[in-house]
There are 2 protein chains.
Amino acid sequence: MSLRHAVLGLLAELDGGSGYDLMKMFELSLGNVWSANQSQVYGELGKLTADGLIQVTAEGPRGRKEYGVTGEGREELRRWLLEEEPKQARRDATLLRVFFLGQLDPDQAQAYLRGRADDMGRRAEELAALQGQIDWGDDNLSVYGRLAMEYGRRFMAMRREWAEWAENELKARES
Amino acid sequence: MSLRHAVLGLLAELDGGSGYDLMKMFELSLGNVWSANQSQVYGELGKLTADGLIQVTAEGPRGRKEYGVTGEGREELRRWLLEEEPKQARRDATLLRVFFLGQLDPDQAQAYLRGRADDMGRRAEELAALQGQIDWGDDNLSVYGRLAMEYGRRFMAMRREWAEWAENELKARES
DNA sequence: CCTTGCATGTAATGGGTTACATGATTTA
DNA sequence: TAAATCATGTAACCCATTACATGCAAGG
């Protein structure tokens, strides 16, 4: 049930916006942390409106509808932030494969881990470069988005280091 | 489509087993990396059988059916391991909240991060303790499961460090 | 004999992905 | 005037979760 709060949160931070505006945000920033597609966004806007957590505040050209968070919506957002325990989805496609690497030859298993290490190294560098380029503003989404981005960088680095360690563990077993 | 390969992989590693056997594996080891419930397991066994990737190899008491991987199934497992790029699900409930911490008072935001750091620290310790206790065997699932567990430990540690760093970043901004 | 564990299945519901479908407005 | 962008919506399908439903077998 977190898509609901992603939409609610964005509308709260942006002081309102259209479904199209939200989609842009999902595409270029929030989506790295919680992805959503167009169908989902419009669907959720409808449900949130029906539940009274947001409302249409203006209508523009091309059928554009601008939404704003209601008092009830703000309350729900705070409740979610403060009271609901974030529960981790235990699903990792890379790690699932690791469990079954015994089905491959040892050198293929090592190559898999090497591939992960390289991939993660690449991504960590890309993120680090991006981090240097961006001019962070002083608004909430910039301040907290920056924290999230640093998390991403550390995550990639950690995964790279682990994959290299794991590759060496397998090499050590070969004797 | 990875549940399919989780089931296929387990049957390959265990040299066959029943739905019940697989559920046990999901509960106590594989589930930390790819979770699945009873309905899913039995449903997937049916689909895999219909597609010829596994087959019933024996029937036991209480309607027990033992499944084994077919040649086609083994082929599909290798293909998945070697050729399919693991794609990461970009969904993290903890981090999603971080984006919207600006909706809280600064001290509440810091408390959220502190809570995460504590939680992760606790889990990292639990995992480290578990790691020390387990007698790892020499079978594939033990060898590779050990790698996955070390990943979990490092992951928790990284998250703890990040949450502490983020908390300090917020404190530094207060001036 | 009673509890625990073994064992399988189905139905309802909700969320996510992909594809389809349409059209207005701006800009080059 | 053509292409790009803005803008919304629906339908079909698949996957995951929860709940329901049943019954046999082994051990204390």
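In the text below, chain A, chain B and the rest are named by the order of the sequence lines, each starting its count at 1.
- Applying the 4.0 Å criterion to OP1 and OP2 of C:dC6, one finds that B:R64 has every side-chain N and O outside that range.
- For A:K65 and D:dA7, the NZ to C1' distance is 11 Å, given to the nearest whole Å.
- Spacing between atom NZ of B:K47 and atom P of D:dC14 amounts to 9 Å, rounded to whole angstrom units.
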Protein-nucleotides 16-23 of chain D N/O pairs closer than 3.5 Å?
residue : atom : partner : partner atom : Å
D:dA16  : OP2  : B:Q40   : NE2          : 2.8
D:dA16  : O5'  : B:Q40   : NE2          : 3.2
D:dA16  : O3'  : A:R91   : NH1          : 3.4
D:dT17  : OP2  : A:R91   : NH2          : 3.2
D:dT17  : OP2  : B:Q40   : OE1          : 3.2
D:dT18  : O4   : B:S39   : OG           : 2.6
D:dA19  : N6   : B:S39   : OG           : 2.8

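- In this structure, A:R4 places its CZ atom 16 Å from C1' of C:dG16, rounding to the nearest Å.
- A salt bridge does not link B:E75 to B:R79: none of the charged nitrogens lies less than 4.0 Å from a carboxylate oxygen.
- The stretch residues 12-25 of chain A touches DNA chain D through A:S18, A:G19, A:Y20, A:K24, each having a heavy atom within less than 4.0 Å of the strand.
- A:F155 carries A:R159 over the face of its six-membered ring, with the cationic atom under 6.0 Å from the centre and within 45° of the normal.
- Checking the phosphate oxygens (OP1, OP2) of C:dG9, no side-chain nitrogen or oxygen of B:Y42 falls inside 4.0 Å.
- B:K87 has its NZ atom 15 Å from the P atom of C:dG16, to the nearest Å.
- You'll find the side chain of A:W162 reaches within 4.5 Å of the side chain of A:L95, heavy atoms only.
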Given A:E59 and A:E66, is the side chain to side chain contact (heavy atoms under 4.5 Å, CB included) satisfied, shown in steps?
-> CA-CA 6 Å; A:E59 307 213 13; A:E66 229 167 283; over 6 Å; no

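- For the atom pair CG of A:L82 and CZ of A:R78, the computed distance is 5.5 Å after rounding to the nearest 0.5 Å.
- The distance from atom CD of A:E27 to atom OG of A:S35, rounded to the nearest 0.5 Å, is 11.5 Å.
- Summarising the geometry, the separation between CD on A:E27 and P on D:dT5 is reported as 12 Å, rounded to the nearest angstrom.
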